[in-house]
Number of protein chains: 2
Amino acid sequence: MAVARLYPDLDIDASPGEAQLHKRAYDRLCEALMRGEFSPGQKLTFRSLAEALGVSVTPVREAVSTLAALGALRVHPKRHIEVSKLSAEAYVEMLELRRLLEGHAAARAAERITDSEVEQIVEINDGLMQYALAGNLRKAMRDNQRFHFAVYRASRSAYLVENIERLWLLIGPSLNLHLAEEYAQGKEVLQSGFENHIKLIDALQERDPSAALSAIIGDMGVSCSHMLAGLLRDSSLSVSVLKELNSLSETPA
Amino acid sequence: MAVARLYPDLDIDASPGEAQLHKRAYDRLCEALMRGEFSPGQKLTFRSLAEALGVSVTPVREAVSTLAALGALRVHPKRHIEVSKLSAEAYVEMLELRRLLEGHAAARAAERITDSEVEQIVEINDGLMQYALAGNLRKAMRDNQRFHFAVYRASRSAYLVENIERLWLLIGPSLNLHLAEEYAQGKEVLQSGFENHIKLIDALQERDPSAALSAIIGDMGVSCSHMLAGLLRDSSLSVSVLKELNSLSETPA
DNA sequence: CCGATTCATCTGATATCACAGTTTCATATA
DNA sequence: TATATGAAACTGTGATATCAGATGAATCGG
């Protein structure tokens, strides 16, 4: 009971009832990480997760082992499970990878996307804008994720999309935390920064790969400032990070 | 006993004795996949792997679950474990990703590599050439892997290197199989194709990122023909694959 | 001789138990 | 009051038992 209150509504029975428990546990934990239900550095245990998910520890261990191999969780032997913290340095490294992978995926999507897929993406973006205007950060972030991955899936490159998903999994907890912090401090998190979504949609409609690529890379810069503001609060190496970030902006994509 | 003969020397006690059994099992299985100890499509079971590794099924399940999440293995529920087969289409998709990731890693390495690292890479390449001249395919492949990852590690981007490792894990079994096939058929697998290693070393010494990038991408073309020859043998979609491969070559990196 | 059926065997999936470090906190000591 | 101590509770780790579904070979019926 106390555990169920720690991780509200983590129960697994909401998922599609067919798959094996360890798969459902994995999916549910991924979802929780992306939704900000866990914060970076938070300590977890197998037993409490098992209870919250409504299963025994065995399927939880398989799910957690996998997430640990991906870097989303860290298992401290005989101690506890930790939601991986993201250093500012690691975030800059991942931004570099995001430019590469998501830029490529967007460009490929522009070559291969169908009209009906463009339509769906426009609809997702419309919903996103509504939540943004309404100031609903959580739902806006969820729709933003849907928007991006609807584009990436149009690249017809399943393994590329999987790689991007894994990247987002590492950024998810910190992104949720720091965007919520900035939002709570009254920063303009939702008021602007969606121009690149329009540019991206235009590029997809025009089937223009390089325009799609630059729109996606432009979009990354938006959340970047909020993230670094939060990440650098705990970091003493801010100078070297900012230097590296500047050199990254000058590097041709 | 019969099992130990099926997977010779898979026993885990050779690994560094500190880590947990599921980590060692994972490392050992990765090694086996990269060394060609398993072939694509081969069927495995948890119990036989556990016996061969000298542990119980529990740590094996965690290792296999992780490898399944990465795509290296496929778990057929209530049936068996399968070493993932690589279709020609999937291989082309991965080549695209390899160009992106490994090209970027090589370019970054050229910016950040130290003189002593260049030295080490030259030494690895010398050893590789000896095995190539001696016709030792297995050891040449092992040293080729060492060569590539010594370069990538010089990029100082740990997560990028991990991503590349995961890519190689998916290609490993098929690469071992088809290169060995071609070699057995008397094809020139080891006689040529190492010019790009020299070009890469030169580029690293000159600290020339774009030269390093094109050397790495050139090197990928070498094994590519042997791989496609093997992969297309079982595939009926060869025409579309070759078309896609051609369009890939024309795409600017 | 061939196809359907049955039953023993095998497989992955899950839960549970036992164990050895780790943490925590109340107690004892100075 | 501050520090040391030790036992109890907790944690990840690994092995095992059990179960339902899949497999395969022997059996049966044609």
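- No N or O donor and acceptor, one from the side chain of A:Arg79 and one from the base of C:dG21, sit under 3.5 Å apart.
- Nearest to the side-chain atoms of A:Ile81 among the listed nucleotides C:dT11, D:dG12, C:dT14 stands D:dG12.
- Residue B:His76 places none of its side-chain N or O atoms closer than 4.0 Å to OP1 or OP2 of C:dT11.
- For A:Lys78, the side-chain atoms get nearest to C:dA20 when compared with the rest of D:dA22, C:dA20, C:dT14.
- Counting only N and O atoms by type, the side chains of A:Tyr26 and A:Glu62 include no donor and acceptor under 3.5 Å apart.
- Among D:dG14, D:dT16, C:dA15, the nucleotide with an atom closest to any side-chain atom of A:Leu21 is C:dA15.
- Taking atom CZ of B:Arg47 as the reference point, atom C1' of C:dT14 lies 12 Å away to the nearest angstrom.
- Atom CG in B:Leu44 sits about 18 Å away from atom P in C:dC10, given to the nearest Å.
- Under 4.0 Å is where a charged nitrogen must lie from a carboxylate oxygen, and between B:Arg156 and B:Glu117 at least one such pair does.
- Between B:Gln20 atom CD and D:dT13 atom P the separation is 5 Å, expressed in whole Å.
- Not a single donor-acceptor pair, N or O on each side, falls under 3.5 Å between the base of C:dG12 and the side chain of B:Arg61.
- For B:Ser56, whose side chain is taken as the heavy atoms from C-beta onward, the closest listed nucleotide among D:dT13, D:dT11, D:dA15 is D:dA15.
- Comparing D:dA15, C:dA15, D:dT16 by their nearest atom to the side chain of A:Thr58 picks out C:dA15.
- At most 12 heavy atoms of other shown residues, nucleotides or ligands fall within 6.0 angstrom of atom CZ in A:Arg74.
- In this structure, B:Lys43 atom NZ and C:dT11 atom P are separated by 12 Å, rounded to whole Å.
- Taking 4.0 Å as the cut-off between side-chain N and carboxylate O, B:Glu51 and B:Arg47 do not count as a salt-bridged pair.
- Between A:Lys23 atom NZ and C:dG12 atom C1' the separation is 12 Å, expressed in whole Å.
- Rounded to an integer number of Å, the gap from CG of A:Leu49 to P of C:dT14 is 16 Å.
- Across C:dA13, D:dA15, C:dT14, the shortest atom-to-atom separation from the side chain of B:Pro59 is found for D:dA15.
- The distance between atom CZ of A:Phe46 and atom C1' of D:dT11, rounded to the nearest whole Å, is 10 Å.
- Salt bridge status for A:Arg28 with A:Glu31: present, with a side-chain N to carboxylate O gap under 4.0 Å.
- For the pair B:Pro77 and A:Val57, both in contact range of DNA chain C, the more 5′-proximal nearest nucleotide belongs to B:Pro77.
- Rounded to whole Å, the distance from NE2 on A:His80 to C1' on C:dG21 is 13 Å.
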